[in-house]
Amino acid sequence: MQFTSRAAIDAPIEAVFAEVSDVAAFERMARRRGVEVQRTDTLAAPGPGMGWHARFTWRERLRELDLTLVVHDPPDAVAFDLASNAITGRFGVDLVALSAARTRLVVDLSVEARGLAGRVMLQPVKLMRGNLDRRFQARVSEYAQDIEDRFKSRV
């Protein structure tokens, strides 16, 4: 199952990359939403090999997910591999400079079942595909607007 969304941001690609690769900000955002996040590596600077273990409740069950940073290509791309008992996947962000002051953000999430438990977990997601596509697009658009607003407030 794959979700993809695009958004244009009125900010240079370097500024957008700094935002999308700010792992500390994403850790704080996850914790505010009730996710327990633990780093599983000792890297000081962002780069491939960074990892996290996350615990959260989804559909009334405790879920655990391991994330690993696999692509860190400034200022063009960031990608994470996702793995749990039931699913595997990849979350990627690609950036394209449309001009010196405008950037296209492309967010891609792909998830695959890992056995029967994963298929059972993803079945309701498949049934709600249209609604989830709209929600995914809305979240990416909100995030792009937040990046743009933060950039404009600094300039």
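For A7 against V140, the heavy-atom pair with the smallest separation is CB-CG1, 4.4 Å. For the pair F17 and A77, the tightest heavy-atom approach, listed with the atom from each and the gap, is CE1-O, 3.5 Å. Here the closest heavy-atom approach between residue F151 and residue A15 is recorded as CD1-CB, 3.7 Å.
Interatomic distance, I9 CD1 to R150 CZ, rounded to the nearest 0.5 Å: 9.5 Å. Summarising the geometry, atom CG belonging to L67 is positioned 11.5 Å from atom CE belonging to M50; distances are rounded to the nearest 0.5 Å. To the nearest 0.5 Å, atoms CZ (R55) and CG (L65) are separated by 12.5 Å.
Residues V70 make up the rest of the hydrophobic cluster containing V71, defined by ILVMFWY side-chain heavy atoms closer than 4.5 Å, directly or through other members.
A donor atom on one side chain and an acceptor atom on the other are not found under 3.5 Å apart for Q145 and S141. Judged by distance alone, the side chains of E64 and S84 never bring a donor and an acceptor atom under 3.5 Å apart. No hydrogens or angles considered: nothing links the side chains of W52 and Q38 as a donor-acceptor pair under 3.5 Å.
Applying the side-chain contact (heavy atoms from CB on, under 4.5 Å) rule to D76 yields the partners I13, D73; only residues at least two apart in sequence or on another chain are considered. With sequence neighbours excluded, no residue forms a side-chain contact (heavy atoms from CB on, under 4.5 Å) with E60. Partners of R61 by side-chain contact (heavy atoms from CB on, under 4.5 Å), not counting sequence neighbours, listed by chain and number: R63. Under the side-chain hydrogen bond (donor to acceptor under 3.5 Å, both in side chains) criterion, K126 pairs with no residue, sequence neighbours left out.
Look at E148 and R154 and you find no salt bridge, because none of the NZ, NE, NH1 or NH2 atoms lies under 4.0 Å from a carboxylate O. Here R135 does not pair with D133 in a salt bridge; the nearest charged N to carboxylate O distance is not below 4.0 Å.
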Atom pairs and distances, donor-acceptor, side-chain atoms in residues 87-99, under 3.5 Å, two or more places apart:
{"residue": "R90", "atom": "NE", "partner": "D81", "partner atom": "OD1", "Å": "2.8"}
{"residue": "R90", "atom": "NH2", "partner": "D81", "partner atom": "OD1", "Å": "3.0"}
{"residue": "S99", "atom": "OG", "partner": "A101", "partner atom": "N", "Å": "3.4"}
{"residue": "S99", "atom": "OG", "partner": "R102", "partner atom": "N", "Å": "3.3"}

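Side-chain atoms of T40 and T68, non-hydrogen and from C-beta on, never get closer than 4.5 Å to each other. With contacts defined as side-chain heavy-atom distances shorter than 4.5 Å, the pair R59/M121 does not qualify.
Not less than 6.0 angstrom separates the ring centroid of H72 from the ring centroid of F80.
R129 forms a cation-pi arrangement with F3, by the criterion of a distance under 6.0 Å to the ring centre and an angle within 45° of the ring axis.
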